[in-house]
Amino acid sequence: QVQLVESGGGLVQAGGSLRLSCAASGRTFSTYAMGWFRQAPGKEREFVAGIRWSGGSTYYADSVKGRFTISRDNAKNTMYLQMNSLKPEDTAVYYCAASVSGSFSAHWDRYDYWGQGTQVSVSS
C-alpha cells in the first residue's frame with residue numbers, strides 16, 4: 001500500500017508561483033511513474049504533468065508547458081511541481097498519483113494510488 005500526501009497549495013495572485021510537494025510512503029516509490037492531475041469545479045479531472053520512475057522523462061499538458069516543472073527526488077520519496085506564471089485558469093484541486101507500472105500515462109485511470117489533493121487558487 002502506498003500513501004501520497006500533497007502540500008504546498010494556497011492562494012496566489014496571477015503571475016505568482018507555488019511549489020507543490022507529494023510525499024510518498026513505501027520503499028518502492030522509485031519504481032513508480034508519477035503524475036499531477038487537477039480538477040476545477042464542474043470540470044473533469046485533467047492531466048497536468050507526468051514523470052517516469054527514473055525521472056529522466058517528463059511530460060506536460062499543453063496548457064502548462066513552459067510554466068510548470070515536474071521533478072522527483074527518489075531518495076526523499078517526494079515529487080514536486082513548480083508552478084510559475086500562474087493564471088486564474090490554473091485554479092483547481094491538484095492531486096498527485098502513482099502508477100505501479102512505472103510507465104507514463106496521461107490517463108487518470110492508469111494510476112493506482114492518489115493523494116487527497118491540495119487547493120490552488122489564483123486570483124486575477
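Between Val122 and Lys87, every side-chain heavy-atom pair lies at or beyond the 4.5 Å cut-off. Considering only heavy atoms from C-beta on, Leu81 stays 4.5 Å or farther from Arg19 through its side chain. Counting heavy atoms from C-beta on, the side chains of Thr58 and Arg52 never come closer than 4.5 Å. A 4.5 Å side-chain heavy-atom check between Val5 and Gln116 finds at least one atom pair inside the cut-off. Between Thr118 and Val93 there is no side-chain heavy-atom pair separated by less than 4.5 Å. Counting heavy atoms from C-beta outward, Asn74 and Phe29 have side chains that approach closer than 4.5 Å. Counting heavy atoms from C-beta on, the side chains of Tyr80 and Thr69 never come closer than 4.5 Å. In this structure, the side chains of Ile51 and Met79 come closer than 4.5 Å at one or more pairs of heavy atoms.
For the pair Thr78 (side chain) and Lys76 (backbone), a donor-acceptor distance under 3.5 Å is present. Although no hydrogens or angles enter the test, the distance criterion places a donor-acceptor pair under 3.5 Å between the side chain of Asp112 and the main chain of Val100. Judged purely by atom type and a 3.5 angstrom limit, Glu6 has no side-chain atom pairing as donor or acceptor with the backbone of Cys22. The main-chain N or O of Ile70 is found under 3.5 Å from a side-chain atom of Tyr60 such that the two form a donor-acceptor pair.
The disulfide (SG to SG under 2.5 Å) pairs that include a residue from residues 60-92 number zero, where partners must be two or more places apart or lie in different chains. Identified under the disulfide (SG to SG under 2.5 Å) test for residues 38-70, with sequence neighbours left out: none.
Residues Ala92 and Gln119 come closest through the heavy atom pair O-NE2, 3.4 Å. Between Pro88 and Ser124, the shortest heavy-atom contact is CG-CB, 3.8 Å. Between Ala24 and Leu4, the shortest heavy-atom distance links the atoms CB-CD2, 3.5 Å.
Put simply, Phe68 and Leu18 are part of the same group of oily side chains (I, L, V, M, F, W, Y) that touch within less than 4.5 Å, one to the next. One hydrophobic cluster, built from ILVMFWY side chains closer than 4.5 Å, cannot hold both Met83 and Phe47; they sit in different ones.
Because its NZ or CZ atom is not both nearer than 6.0 Å to the ring centre of Tyr95 and within 45° of the ring axis, Arg38 does not count as a cation-pi partner of that residue. Judged by the 6.0 Å distance and 45° axis criteria, Arg45 is positioned over the aromatic ring of Trp114.
Atom-to-atom distance recorded for Ser123:OG and Gln13:CD is 5.0 Å, nearest 0.5 angstrom. One finds the CD atom of Glu44 at 9.5 Å from the CH2 atom of Trp108 (value rounded to the nearest 0.5 Å). Here the OG atom belonging to Ser121 is positioned 6.0 Å from the CG atom belonging to Leu11, to the nearest 0.5 angstrom. The line from OG1 of Thr31 to CH2 of Trp53 is 9.0 Å long, rounded to the nearest 0.5 Å. Within the model, atoms OG of Ser99 and OH of Tyr32 stand 9.5 Å from one another, a figure rounded to the nearest 0.5 Å.
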Check: Can you list the steps and then say if Glu46 with Gln39 is a side chain to side chain contact (heavy atoms under 4.5 Å, CB included)?
Finding: CA-CA 6 Å; Glu46 66 173 356; Gln39 188 165 19; over 6 Å; no
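Side chains of Asn84 and Ser17: a donor-acceptor N/O pair is present below 3.5 angstrom, by distance only. With hydrogens and angles left out, the side-chain atoms of Glu89 and Thr91 include no donor and acceptor closer than 3.5 Å.
A salt bridge links Asp62 to Lys65: at least one charged side-chain nitrogen sits closer than 4.0 Å to a carboxylate oxygen.
Ring orientation note: the planes of Phe104 and Tyr59 are close to parallel, at an angle under 30° on the 30°/60° scale.
The distance between the ring centers of Phe37 and Tyr111 falls below 6.0 angstrom.
Applying the side-chain hydrogen bond (donor to acceptor under 3.5 Å, both in side chains) criterion to Gln3, with sequence neighbours excluded, gives no partner residue.
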